[in-house]
K.L.:
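This is the structure I have questions about; it appears just below.
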Amino acid sequence: MKESKKEILFILLHLIPLGKVTTYKALARILKTSPRVVGRMLKLNNKPVIIPCHRVVRTSGDIGGYTLSGKENREFKLKLLKLEDVELSGDKVGSENIIYLDEVLLGSSR
DNA sequence: ATTTGCTCAGCTC
DNA sequence: GAGCTGAGCAAAT
């Protein structure tokens, strides 16, 4: 039985260094799926505690939705990121704090 | 800057 | 099994 993309996604989130964030697109590329699917997994996840979904941001640098239990907690996500040493430019994340996992795992040079 | 279209895996019927 | 939903992305306007 192959692991669901969900399972893989959660693992990838744990690979994100503290103080850094990832983009949905990067995760999607690794999982070989579309960015929307990635975002949906996070909200469909069973255990939000073990899942650092707040480390995932949009390509534009926006923090994304972050809906908990059907309730959007964008401010909570921002707060968590600040605690993680992530430099927030207003409601966005500094590009320097964004690490593209697809470049790291798949290799930037190809 | 805002709007529209596309993608596609999980959930519901 | 078929249809709907949606935590995004990209292009067009």
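A note on names: the letters A, B, ... follow the listed sequences, proteins ahead of strands, and every chain is numbered from 1. Treat the numbers as computed from the prediction; the structure is a model and nothing was measured.
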K.L.:
In this structure, which one of A:Lys77, A:Lys79, A:Arg55 forms a salt bridge (charged side-chain N to carboxylate O under 4.0 Å, His left out) with A:Glu84?
P.N.:
A:Arg55
K.L.:
Out of B:dC8, B:dC11, C:dG8, which nucleotide sits closest to the side chain of A:Lys6?
P.N.:
B:dC11
K.L.:
Find the distance A:Arg29:CZ to C:dA10:C1' and express it as a whole number of Å.
P.N.:
16 Å
K.L.:
Could you check which of C:dG8, B:dC11, B:dC8 has an atom nearest any side-chain atom of A:Pro35?
P.N.:
C:dG8
K.L.:
Whole Å only: how far is the CD1 atom of A:Ile63 from the P atom of C:dG8?
P.N.:
11 Å
K.L.:
Please state whether the rings of A:His54 and A:Tyr66 are parallel, tilted or perpendicular, taking 30° and 60° as the class boundaries.
P.N.:
perpendicular
K.L.:
Under 3.5 Å, side chain of A:Lys5 to main-chain N/O of A:Thr33, donor-acceptor pair present?
P.N.:
no
K.L.:
Measure from the side chain of A:Leu44, starting at C-beta and using heavy atoms only, and say which of B:dC11, C:dG8, B:dC8 lies closest.
P.N.:
B:dC11
K.L.:
Answer yes if A:Ile8 and A:Tyr100 sit in the same cluster of Ile, Leu, Val, Met, Phe, Trp and Tyr residues linked by side chain heavy atoms under 4.5 Å apart, and no otherwise.
P.N.:
no
K.L.:
Rounded to the Å, how far apart are A:Arg36 CZ and B:dC11 C1'?
P.N.:
15 Å
K.L.:
The side chain of A:Lys5 lies closest to which of these nucleotides: B:dC8, B:dT7, B:dG10?
P.N.:
B:dG10
K.L.:
To the nearest Å, how far apart are A:Leu9 CG and B:dG10 C1'?
P.N.:
13 Å
K.L.:
In terms of the nearest nucleotide of DNA chain C, which residue is placed more toward the 5' end: A:Val57 or A:Ser34?
P.N.:
A:Ser34
K.L.:
What is the distance, to the nearest angstrom, from the CE atom on A:Met41 to the P atom on C:dT5?
P.N.:
19 Å
K.L.:
Has A:Glu7 got more than 12 heavy atoms of other residues, nucleotides or ligands less than 6.0 Å from its CD?
P.N.:
yes
K.L.:
Watson-Crick or G-U wobble partner for C:dA2, using a 3.5 Å limit on both distances?
P.N.:
B:dT12
K.L.:
Among C:dG8, C:dA10, B:dG10, which nucleotide has an atom closest to any side-chain atom of A:Lys25?
P.N.:
C:dA10
K.L.:
Take the protein atom CD1 of A:Ile8 and the nucleotide atom C1' of B:dG10, then report the distance between them rounded to whole Å.
P.N.:
15 Å
K.L.:
Rounded to whole angstroms, how far apart are OH on A:Tyr24 and P on B:dT7?
P.N.:
21 Å
